[in-house]
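One structure is given below, encoded as structure tokens.
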6 protein chains.
Amino acid sequence: MAVTVSRKAHFNAAHRLYNKEWSDAKNKEVFGLCNNPNYHGHNYDLIVSLTGEVDVETGFVYDMKLLKEIICEKVEKNLDHKNLNLDVPYFKEINPTAENIVIFIWNILRTEFPKHLKLEVRLYETPRNFVTYSA
Amino acid sequence: MAVTVSRKAHFNAAHRLYNKEWSDAKNKEVFGLCNNPNYHGHNYDLIVSLTGEVDVETGFVYDMKLLKEIICEKVEKNLDHKNLNLDVPYFKEINPTAENIVIFIWNILRTEFPKHLKLEVRLYETPRNFVTYSA
Amino acid sequence: MAVTVSRKAHFNAAHRLYNKEWSDAKNKEVFGLCNNPNYHGHNYDLIVSLTGEVDVETGFVYDMKLLKEIICEKVEKNLDHKNLNLDVPYFKEINPTAENIVIFIWNILRTEFPKHLKLEVRLYETPRNFVTYSA
Amino acid sequence: MAVTVSRKAHFNAAHRLYNKEWSDAKNKEVFGLCNNPNYHGHNYDLIVSLTGEVDVETGFVYDMKLLKEIICEKVEKNLDHKNLNLDVPYFKEINPTAENIVIFIWNILRTEFPKHLKLEVRLYETPRNFVTYSA
Amino acid sequence: MAVTVSRKAHFNAAHRLYNKEWSDAKNKEVFGLCNNPNYHGHNYDLIVSLTGEVDVETGFVYDMKLLKEIICEKVEKNLDHKNLNLDVPYFKEINPTAENIVIFIWNILRTEFPKHLKLEVRLYETPRNFVTYSA
Amino acid sequence: MAVTVSRKAHFNAAHRLYNKEWSDAKNKEVFGLCNNPNYHGHNYDLIVSLTGEVDVETGFVYDMKLLKEIICEKVEKNLDHKNLNLDVPYFKEINPTAENIVIFIWNILRTEFPKHLKLEVRLYETPRNFVTYSA
């Protein structure tokens with residue numbers, strides 16, 4: 001009787017796509033406009049989902065208020081109104097594509113929830129481009 | 001060649017979160033604002049999904065008009081403009097969390113569709129909080 | 001060079017439509033399902049708009065952070081997770097239709113902002129029903 | 001470490017539901033308003049998802065710009081501002097239900113992407129009716 | 001103390017843009033893809049707004065249930081699942097652009113509501129193209 | 001018989017709020033997180049509206065295809081995937097608040113359309129914060 005509970009959050013950030021091993025020409029060719037050295041940005045929307053049994057006493061899989069607070073404390077505070085390339089140490093080495101950001105967030109959140117709960121994270125870079133990760 | 005067909009519906013209802021075995025203090029501590037004894041409410045959005053083979057003659061997995069009517073008759077008529085705790089007998093004993101409501105709806109709908117069709121129900125309590133159930 | 005700045009907020013509440021001067025039969029006839037004596041509820045979305053000149057130093061008509069905080073303090077705290085009929089004194093006498101709620105909110109907010117700023121409030125009772133007030 | 005990348009696209013088209021083996025009466029009974037011989041239409045929304053490993057050099061599962069271009073070239077150009085029954089040869093024989101359209105699009109796109117990437121297509125006929133296909 | 005009440009509705013229809021006084025070449029040049037002789041279609045969203053005083057007894061500017069029914073009876077029944085050019089006599093002479101459709105709907109609805117209520121109609125042809133009319 | 005036609009567009013950009021006449025401390029105090037020296041960013045949504053008479057021959061107030069192209073050419077090409085402070089000369093002197101960006105866009109577009117058409121521009125910085133300008 002596993003139910004999935006999902007919570008939507010959001011943060012606004014700047015980034016650029018860039019591989020420091022490559023020449024400027026190759027970076028521009030592969031990443032196009034997203035390679036602008038002065039950065040561009042997005043309103044990122046985030047959906048965090050936990051799957052597990054419903055607790056008989058509370059009727060909760062996981063307390064949504066607590067889920068909201070953990071996302072705020074562990075994700076939003078570190079990414080909101082930030083430059084991902086410059087302000088987030090992890091992305092000094094790793095290219096902040098939507099794929100890499102969703103894995104980064106998933107890894108942070110995985111340590112916050114009991115292991116018996118399955119965790120999935122979906123990240124909207126724009127309303128038209130989004131990525132989903134679950135391991 | 002299984003395709004999933006999904007239909008969105010909605011209903012407006014009042015509820016409060018409450019465990020009658022607990023003291024008022026514990027209820028307030030666990031459920032916070034959602035424990036308000038005078039109730040609060042939501043515009044619930046519902047997505048019902050059926051997965052199965054496409055019928056060669058109709059091109060349908062399941063007739064969407066019929067799906068719409070069954071959701072209306074079996075779910076909306078019983079929950080729309082209701083107080084879940086007071087007007088729906090099932091929730092006199094069971095705490096009407098989103099998790100418990102989605103299981104309740106799933107169980108009602110499961111008896112309405114052929115067994116070879118997989119059924120999933122997603123319930124949005126708000127645009128930011130939602131739950132998904134499939135068994 | 002007047003610009004309008006708008007901020008979206010939301011609250012969840014229970015209510016019933018009811019005129020205490022009328023018989024139960026007339027209440028039911030006029031208000032239909034919305035007259036359920038046990039209440040029903042909504043996720044209300046609110047858009048507060050202020051129109052005025054852009055300040056040359058800040059580039060703001062009004063600081064959005066402050067606008068957000070005032071809506072939270074003066075509107076959300078008093079209406080969120082409440083029963084409008086029972087928990088909000090104003091609606092003990094006044095029927096909490098969307099029209100009356102939007103006027104109530106507008107009157108509260110009008111005293112919070114400088115008089116030279118035009119104030120408009122829009123209230124979504126559902127994504128399909130909404131009201132707008134400006135005086 | 002498989003991540004799913006998704007891209008939203010859209011096209012506007014006319015269609016009618018119709019089985020040429022059936023009498024007009026049976027077509028009308030089964031397909032109702034959707035059987036209007038003069039056609040009706042929709043703004044179709046499409047979500048194409050690819051699942052696979054993240055490339056270490058690019059940080060991409062698949063280049064979203066390229067994904068966008070392929071959807072445009074192979075799907076939108078053939079379906080946008082078209083009459084599905086009259087302008088798309090495939091639907092001269094096959095009833096253009098949402099289910100059959102999503103399979104049609106999936107089959108077109110399947111040949112465009114490397115086999116190791118899992119492909120899923122979701123098609124919204126309206127915001128309330130949608131179908132999902134993955135094989 | 002005038003409040004505006006708004007109600008959202010929708011209908012699905014086929015159409016083509018076409019001026020019968022013009023050559024095919026000129027029609028194609030001016031209307032582009034929208035001139036496809038086999039038609040294309042849209043999910044039209046409609047927002048009908050009435051502005052007036054709030055009735056003291058009901059708390060209503062206008063009963064939303066009644067507004068919903070009138071839109072259904074007078075607009076949706078005549079346009080939903082129709083071919084605007086072929087099934088709606090008015091558009092045999094008039095080009096069914098969004099502009100002309102919104103004026104058509106406004107004129108139909110104007111006769112349904114008391115004259116002291118201001119009427120505005122907004123029509124979304126797609127989520128990105130919409131028109132608004134009020135006279 | 002004036003109708004308003006509206007077209008939605010979007011662009012993604014980085015910016016920071018900053019008044020170069022002020023100390024860092026005052027900038028931080030007034031602009032808070034939006035003052036991050038490394039920038040943050042948004043998916044900006046733009047709605048451009050033109051109001052005028054409907055042309056009898058075309059049924060258009062203004063050709064939406066042309067409107068779309070002008071917004072793309074004059075606004076999106078200059079702002080999409082850019083850093084507003086660094087890449088757009090106008091914002092080297094002017095603080096790129098939503099208010100100032102909407103006036104900037106309005107001034108660019110005003111020269112593109114006939115004077116008898118009223119022009120309004122709405123800019124969403126996030127789904128919750130937006131500004132509207134018309135002169």
Side-chain angles (χ1 to χ4, degrees), chain D residues 7-18 24 27-47 68 72-73 75-92 95-98 101 122-131, chain E residues 7-18 24 27-47 68 72-73 75-92 95-98 101 122-131:
Chain D
R7 173 75 194 170
K8 195 174 175 184
H10 61 91
F11 59 92
N12 311 321
H15 79 152
R16 73 176 292 212
L17 300 188
Y18 174 66
D24 283 0
N27 268 298
K28 198 166 177 182
E29 182 202 329
V30 172
F31 297 123
L33 291 173
C34 300
N35 182 240
N36 178 6
N38 288 330
Y39 312 98
H40 64 287
H42 299 290
N43 303 325
Y44 290 93
D45 270 332
L46 187 69
I47 297 176
K68 175 185 173 180
C72 181
E73 197 63 37
V75 180
E76 292 179 42
K77 279 205 180 159
N78 291 313
L79 302 182
D80 190 34
H81 283 77
K82 295 288 168 62
N83 182 309
L84 300 180
N85 304 69
L86 300 180
D87 296 329
V88 183
Y90 181 86
F91 294 115
K92 295 202 170 162
N95 195 11
T97 58
I101 303 170
R122 175 168 284 184
L123 180 74
Y124 287 81
E125 194 169 83
T126 73
R128 306 198 149 206
N129 283 356
F130 59 97
V131 296
Chain E
R7 172 77 195 167
K8 195 174 173 183
H10 60 93
F11 60 93
N12 309 323
H15 78 152
R16 73 177 293 213
L17 300 189
Y18 175 66
D24 284 359
N27 268 296
K28 199 167 177 183
E29 181 202 329
V30 173
F31 297 124
L33 291 174
C34 300
N35 182 240
N36 177 6
N38 289 330
Y39 312 100
H40 64 286
H42 299 290
N43 304 324
Y44 290 94
D45 269 332
L46 187 69
I47 296 176
K68 175 186 174 180
C72 179
E73 196 63 38
V75 180
E76 293 179 40
K77 280 204 182 161
N78 292 314
L79 302 183
D80 191 33
H81 283 78
K82 295 288 169 62
N83 182 309
L84 299 180
N85 303 69
L86 299 180
D87 298 328
V88 183
Y90 181 86
F91 293 114
K92 296 202 171 163
N95 195 11
T97 57
I101 303 170
R122 174 169 286 185
L123 180 74
Y124 287 81
E125 196 170 78
T126 73
R128 305 198 148 207
N129 283 357
F130 59 95
V131 294

| remark: Max heavy-atom pairs within cutoff under 4.5 Å with chain D, candidates E:N35, E:N85, E:L33, goes to E:L33

| Option that, when pairs with chain D are counted at under 4.5 Å, heavy atom only, ranks first among E:C34, E:A14, E:G32 | E:A14

| request: Evaluate the side-chain proximity of D:F130 to D:I47: yes if any heavy-atom separation is below 4.5 Å, no if none is. | output: no

| note | side chain to side chain contact (heavy atoms under 4.5 Å, CB included) test vs D:L84 passes for just one of D:N78, D:N95, D:L79, namely D:L79

| field | Heavy-atom pair count under 4.5 Å with chain E, highest-scoring of D:N43, D:N36, D:N38 | value | D:N43

| query | Would you say the side chain of E:K8 lies within less than 4.5 Å of the side chain of E:D45, judging by non-hydrogen atoms? | reply | yes

| Is it true that a side-chain atom of D:D80 and a backbone atom of D:N12 form a donor plus acceptor pair closer than 3.5 Å? | yes

| field | Option that, when pairs with chain D are counted at under 4.5 Å, heavy atom only, ranks first among E:H42, E:E125, E:H15 | value | E:H42

